[in-house]
Number of protein chains: 2
Amino acid sequence: MPSRMRDNPVPAGGVLSAVDGLAQLAFLIHATLERRAAEHDVSMIQTRLLGVLRDRRPTINELAQLLALDKSSTSGLVDRAERRGLVVRIPSTTDRRSVKVTLTDAGRSLVAQVSASFEADVSTLVDRLPRSDRDTMTRLVSRLVVAHASEHGVDLFASIEAQAQ
Amino acid sequence: MPSRMRDNPVPAGGVLSAVDGLAQLAFLIHATLERRAAEHDVSMIQTRLLGVLRDRRPTINELAQLLALDKSSTSGLVDRAERRGLVVRIPSTTDRRSVKVTLTDAGRSLVAQVSASFEADVSTLVDRLPRSDRDTMTRLVSRLVVAHASEHGVDLFASIEAQAQ
DNA sequence: TATTGTTATACTCTATAACTATA
DNA sequence: TATAGTTATAGAGTATAACAATA
């Protein structure tokens, strides 16, 4: 936890350390998405569920892997989303034990709205910087994320991707 | 939500947009803290509670404002932390309705450990970039966060700070 | 009367363990 | 037997409303 979390997040005109600045940014962006989701009465995990389903029709087990939840937690999560009309369970044609979880039109519409307002928020945030600084930051942040992912999550995600559908 | 959340977080050797890159970075950092906290069997909200208490002894009401929770939620949060020996309620000497929530030695030790490992994680992450790039990114991220805060949270936090203790 | 904090209630979210149906 | 999914149970976390004690 960054030391900035101890008191005011912002020293008057000061400069934050790498850790403090990045941590503040992370919490700011996370809170932004949470607030936009809450405007539509969805939690972060429900939002992640809908986001994952935008281009997949996974089984409960696949969904559990994608969301890093137990299959029972996933089943309950899908229950609540289904009760709200955001997703549906479609029986698998090849395995009668299994279901494919699918976004409804309402679910797709909701996630599109949350995404759009969230992306607008982040754009507004970065537009505070002059174009050239923004481009520089984007390039550096991108390098960081890409480098980290190529050392970690990529294979995991790729294999789940391959399994899914 | 960034479009990258739809599938693989990392395009092979590609460059992310400003929104996607920042969002990915934010979720990565958030997940890092969550994982470090989980190693000590504490949730994010419990970690935030302990973090806030590092340099404050707020009342339940003040804590509720700091954490953006209802006072009843805060009361329960403190109950569970107190049951684990991480915090204590100390009766106010000036108002017999009120209590001051205070970190125990165990709570202070726990939050120090989580902070240290989290900060090490973030350092490791940014150390992937060469020094000069890292400094540039830090400066830009810092400007972003400071600019945003000076337009939003600062007054709020400052006033809560002033009330607290 | 107003404020501080707790309690009652209800819901989401999570995991573990036991279960049903199918493979 | 093994796997896919659900259900039972327990607990954290959250909000609303009602409450007791104190101001």
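Every chain is numbered from 1 and lettered A, B, ... according to where its sequence line falls, protein lines coming before strand lines. Keep in mind it's a predicted model, so treat the numbers as computed, not measured.
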Without decimals, in angstroms, what is the distance between [X] [atom1] and [N] [atom2]?
{"X": "A:Lys100", "N": "D:dA4", "atom1": "NZ", "atom2": "P", "answer": "11 Å"}
{"X": "A:Ile45", "N": "D:dA12", "atom1": "CD1", "atom2": "P", "answer": "20 Å"}
{"X": "B:Ile60", "N": "D:dC19", "atom1": "CD1", "atom2": "C1'", "answer": "17 Å"}
{"X": "B:Asp95", "N": "C:dT4", "atom1": "CG", "atom2": "C1'", "answer": "7 Å"}
{"X": "B:Lys71", "N": "C:dT6", "atom1": "NZ", "atom2": "P", "answer": "10 Å"}
{"X": "B:Leu69", "N": "C:dT12", "atom1": "CG", "atom2": "C1'", "answer": "15 Å"}
{"X": "B:Arg84", "N": "D:dA12", "atom1": "CZ", "atom2": "P", "answer": "9 Å"}
{"X": "B:Glu82", "N": "C:dG5", "atom1": "CD", "atom2": "C1'", "answer": "13 Å"}

For this session: Just do the salt bridge (charged side-chain N to carboxylate O under 4.0 Å, His left out) check on B:Arg84 and B:Asp41 with the steps written out, would you?
Result: CA-CA 11 Å; B:Arg84 289 184 55 175; B:Asp41 285 302; 5.7 Å; no
Under 4.0 Å: is that the gap between some side-chain N or O of [X] and OP1 or OP2 of [N]?
{"X": "B:Ser98", "N": "C:dT3", "answer": "no"}
{"X": "A:Arg96", "N": "D:dA4", "answer": "no"}
{"X": "A:Ser43", "N": "C:dT12", "answer": "no"}
{"X": "A:Thr74", "N": "D:dG5", "answer": "no"}

Problem set entry | B:Ser132 OG to A:Leu140 CG distance, which is reported to the nearest 0.5 Å | 8.5 Å
For this session: Would you please test B:Arg128 and B:Asp133 for salt bridge (charged side-chain N to carboxylate O under 4.0 Å, His left out) and show each step?
Result: CA-CA 10 Å; B:Arg128 283 192 173 77; B:Asp133 285 350; over 6 Å; no
Exercise. Which residue, B:Ser109, B:Ser115, B:Ser117, forms the side-chain hydrogen bond (donor to acceptor under 3.5 Å, both in side chains) with B:Gln113?
Worked result: B:Ser109
Problem set entry | Side chain of A:Thr59 - closest among D:dG5, D:dA23, D:dG13 | D:dG5
Considering every strand and a 4.0 Å limit on heavy-atom distances, what is the contact class for [X]: base, sugar-phosphate, or nothing?
{"X": "B:Arg89", "answer": "sugar-phosphate"}
{"X": "B:Asn61", "answer": "sugar-phosphate"}
{"X": "B:Ser73", "answer": "base"}

Problem set entry | Whichever of A:Asp70 and A:Thr94 has its nearest DNA chain C nucleotide further upstream toward 5' | A:Asp70
Exercise. On DNA chain D, nearest-nucleotide positions of B:Arg83 versus B:Ser72: which is more 5'?
Worked result: B:Arg83
Exercise. Does B:Arg97 make a side-chain donor-acceptor contact with the base of C:dT3, cut-off 3.5 Å?
Worked result: yes
Exercise. Are the side chain of A:Thr104 and the backbone N or O of A:Leu86 linked by a donor-acceptor pair below 3.5 Å?
Worked result: yes
